[in-house]
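Quick notes on the structure that follows.
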Amino acid sequence: MSQTFQNIKGTFDILPDPYTDDGGTRIAPSAEWRYVEGTIRDVMERYNFDEIRTPILEPTELVARGVGEATDIVQKEMFAFERSDTQYVLRPEITAPVVRSYLQHHLDQRGGVQKLFYIGPCFRAEQPQKGRYRQFHQFGVEVLGTSDARADAETVAVMMAIYDELGIEDMRLRMNTLGTPDRRDEYVQALRDYLEPYTEELSETSVRRLERNPLRVLDSKLDHEQEILQDAPQLIDYVSDESRAHYDRVQQLLSDLGVAYVEDPYLVRGLDYYTETTFELESPDLGAQSALAGGGRYDRLAEVLGSDEPVPAIGFAAGMERLFLALDAAEVERPGLPEPDVFIAALGEEAEQWVFRTTQDLRSSGLHVALDLKGRSLKAQMREANRQNADYTLIIGGNELEAEEATVKEMEGGEQEDIPFAELSTYLLDKCRPDRA
RNA sequence: GUGGGCGUAGCUCAGUCGGUUAGAGCGCCAGGUUGUGGUCCUGGAGGCCGUGGGUUCAAAUCCCACCGCUCACCCCA
């Protein structure tokens, strides 16, 4: 290999053409990213979400609080650094930044409920492995300023709509409620009491979790632990009547919308500011990395971030890389490179000059026009036109300049006709872009 | 941090009981009469065989070290 630079480990370049990275993952071409992002934006717009863009750089403290001091993310998996006594972090997720922005700019004063969506890169410092990058890309929404069950339902609905719109069908939506922190404490106590006698049989991980983050024990993937958990107390039996009613309402709304889901009492989140509804979307096609998106209510986060007033809120976050895996698995058709309407081939210096100028004119009129920039032979220019899949190729040489007519070749069939220079743009627009003609 | 795998052309990969000038397919470039693409034919460019050291008459091939990449474990917003 040569001595040039390499991209940072765990990052990847998005190129005009698709390729396979060293880990064997297909990296989608830029046109596909554009298409997918465009579709996400379209659906978001239809659901009346407004875009928010926050900096990639945030104060470390914001993320530490927003994600939870005790979590591994904050402990060791963030890109954090110091400069002139300020602690910076490359954001590992976008919920805390959005809430920060909401509070900072008093977005509640825009009136009504704030329905925001975002899409952009995030960072983790963890060891990269297959499909898990240090720079990855997320999209999601945050609905701030209401605890109404309809906000929960709309959040789930817009998430589902995006995957539907993109043509991903094999999905499973799991839902649960966490209730409120006070009731959860009671539940955690009950869970601890229940698991106490089994301590010997639990894995190291689970014992550690039982200490630090007891709800996550429910996440265990070990069969024998799942057996133990079979008869464990259920969170749902501990939540308040209000929480229960909220959850029922959310479920009813989703059913009304025709959104299918399964209840999963073991779907949990560890931190206190997560409340009430929680959900996760997974695709069985993806094996181990099946989670496409997840979210839930975080009615206490704003206060954790310093707000005097609580800001009830719910959102979801989803990974772009995962989404592409799902699109690949589902063999969903995506657009390729944009192809030129017209390639203009020039023969000789005089023609080159005319072509260069005319190219600009045709572009101004709305056509996608390509030309040779290397002074190559006509044959090479034709080859190039073919490679780029141009619909038409114009051939301009001495004869054409003399007659003031372009030789216009329709590439698929190969027929040629002469079109007077004066009529060129009308002719081509009519053929290639009837909507703009 | 721990364990495994892999580094040969732009890409995918052959080639290792050590032995002429290191190969294929694809891609790229150029020709196959004057100014015409795709298919076909011909030719060409492009490699410090990851780096450094060692063994040997001789190393892509054997040995050692290093570097890089990668997968898995841990963890997962």
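Please read all numbers here as calculations on a predicted model, not as lab measurements.
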Taking CZ from A:R132 and P from B:rA77, how many angstroms apart are they, rounded to a whole number? 9 Å
Any chance you could list the contact pattern along nucleotides 26-31 of chain B? Use B for base contacts, S for sugar-phosphate-only contacts and - for none, protein heavy atoms under 4.0 Å, 5' to 3'. --SSS-
Using side-chain contact (heavy atoms from CB on, under 4.5 Å) as the criterion, list what pairs up with A:E82, not counting sequence neighbours. A:D85, A:Q87
Taking salt bridge (Lys or Arg N to Asp or Glu O under 4.0 Å) as the cut-off, I'd like each qualifying pair that reaches into residues 414-430 of chain A, sequence neighbours left out, listed once. none
Taking B:rG37, B:rA77, B:rG35 as options, the one with an atom nearest any side-chain atom of A:M382 is B:rG37
Atom pairs, protein N/O to nucleotides 41-45 of chain B N/O, distance under 3.5 Å:
none

Say you pick atom C1' in B:rU34 and the same atom in B:rC29; how far apart are they, in whole Å? 23 Å
Euclidean distance for P, B:rG27 against B:rC11 (whole angstrom): 15 Å
Tell me: CG of A:N386 to P of B:rG37, nearest whole Å? 9 Å
Using Watson-Crick and G-U wobble pairs whose two distances are both under 3.5 Å, how do you write the pairing of RNA chain B as dot-bracket, with | for links to another strand? (((((((..((((.....[...)))).(((((.......))))).....(((((..]....))))))))))))....
Residues that A:F79 engages under ring-ring contact (aromatic ring centres under 6.0 Å, His included), provided they are two or more places apart: none
Looking at every strand, decide which applies to A:K9 at a 4.0 Å heavy-atom threshold: base, sugar-phosphate, or nothing. sugar-phosphate
Using heavy-atom distances to pick each residue's nearest nucleotide on RNA chain B, tell me which of A:I395 and A:R124 is more 5'. A:I395
In whole angstrom, give me the gap between the P atoms of B:rU61 and B:rG19. 10 Å
Taken to the nearest whole Å, CD/A:E126 to P/B:rC71 is 12 Å
Whole angstrom is fine here: how far is it from CD in A:E282 over to P in B:rC76? 16 Å
Rounding to an integer number of angstrom, what distance separates B:rG46 and B:rG5 when you compare their C1' atoms? 29 Å
From CD of A:E93 across to P of B:rC75 the rounded distance in Å is 20 Å
For a quick check of understanding: with a heavy-atom distance under 4.0 Å over all strands, which category does A:G414 fall into, base, sugar-phosphate or nothing? base
Please assess A:Q138 against A:I119 for the test side chain to side chain contact (heavy atoms under 4.5 Å, CB included), listing each intermediate value before the final yes or no. CA-CA 6 Å; A:Q138 290 208 327; A:I119 176 165; over 6 Å; no
Short N-O contact, A:R387 and A:E384, less than 4.0 angstrom: yes
What contact category does A:Q388 fall into here, base, sugar-phosphate, or nothing, at under 4.0 angstrom with non-hydrogen atoms? nothing
Please determine if A:D372 and A:K374 form a salt bridge, counting it only when a charged side-chain N lies under 4.0 Å from a carboxylate O. no
Could you list all the salt bridge (Lys or Arg N to Asp or Glu O under 4.0 Å) pairs where at least one residue sits in residues 113-124 of chain A, not counting sequence neighbours? A:K115-A:E154, A:R124-A:E126
In whole Å, what separates the P atom of B:rC28 from that of B:rU20? 33 Å
Look at the side chain of A:E400 against the base of B:rG35 and say whether a donor-acceptor pair falls under 3.5 Å; ignore hydrogens and angles. yes
Any donor-acceptor N/O pair under 3.5 Å between B:rU36 base and A:Q381 side chain: no
Which part of the nucleic acid, if any, lies within contact of A:Q127, taking any heavy atom under 4.0 Å across all strands shown: a base, the sugar-phosphate backbone alone, or nothing? base
Could you state the atom-to-atom distance from CG of A:N7 to P of B:rG68 in whole Å? 14 Å
What interatomic distance, in whole Å, is found between P of B:rA45 and the corresponding atom of B:rG25? 15 Å
Spacing between A:Y392 atom OH and B:rG38 atom P, to the nearest angstrom: 20 Å
Could you tell me whether the phosphate oxygens of B:rA72, OP1 or OP2, come under 4.0 Å of any side-chain nitrogen or oxygen in A:K130? no
What residues, two or more places apart in sequence or in another chain, satisfy side-chain contact (heavy atoms from CB on, under 4.5 Å) together with A:D108? A:Y102, A:H106
Counting the benzene-type ring for Trp, do A:Y298 and A:Y274 have ring centres under 6.0 Å apart? no
Mind checking the P distance from B:rG3 to B:rG10? Whole angstroms is fine. 34 Å
Any pair with a residue in residues 374-426 of chain A that passes ring pair (Phe, Tyr, Trp, His ring centres under 6.0 Å), sequence neighbours left out, goes on the list, sorted by first then second residue, please. A:W354-A:F421
Whole Å only: how far is the CG atom of A:D22 from the P atom of B:rG50? 15 Å
Choose from B:rG35, B:rA77, B:rG37 the nucleotide whose nearest atom is closest to any side-chain atom of A:N399. B:rG35
Strictly by salt bridge (Lys or Arg N to Asp or Glu O under 4.0 Å), give each pair with a member in residues 343-354 of chain A just once, sequence neighbours left out. none
Which pairs pass salt bridge (Lys or Arg N to Asp or Glu O under 4.0 Å) with one or both residues in residues 397-406 of chain A, sequence neighbours excluded? none
A:Q381 and A:I344: which non-hydrogen atoms are nearest, and at how many Å? OE1-O, 4.1 Å
On a whole-Å scale, what distance lies between the C1' atoms belonging to B:rG47 and B:rA60? 11 Å
By nearest heavy atom, map A:T20 and A:G413 onto RNA chain B; which one lands nearer the 5' end? A:T20
Can you find a side chain N or O atom of A:Q129 that sits less than 4.0 Å from OP1 or OP2 on B:rC71? no
Applying side-chain contact (heavy atoms from CB on, under 4.5 Å), name anything that partners A:R26, two or more places apart in sequence or on another chain. A:P18, A:A28, A:P29, A:E32, A:D328, A:R334
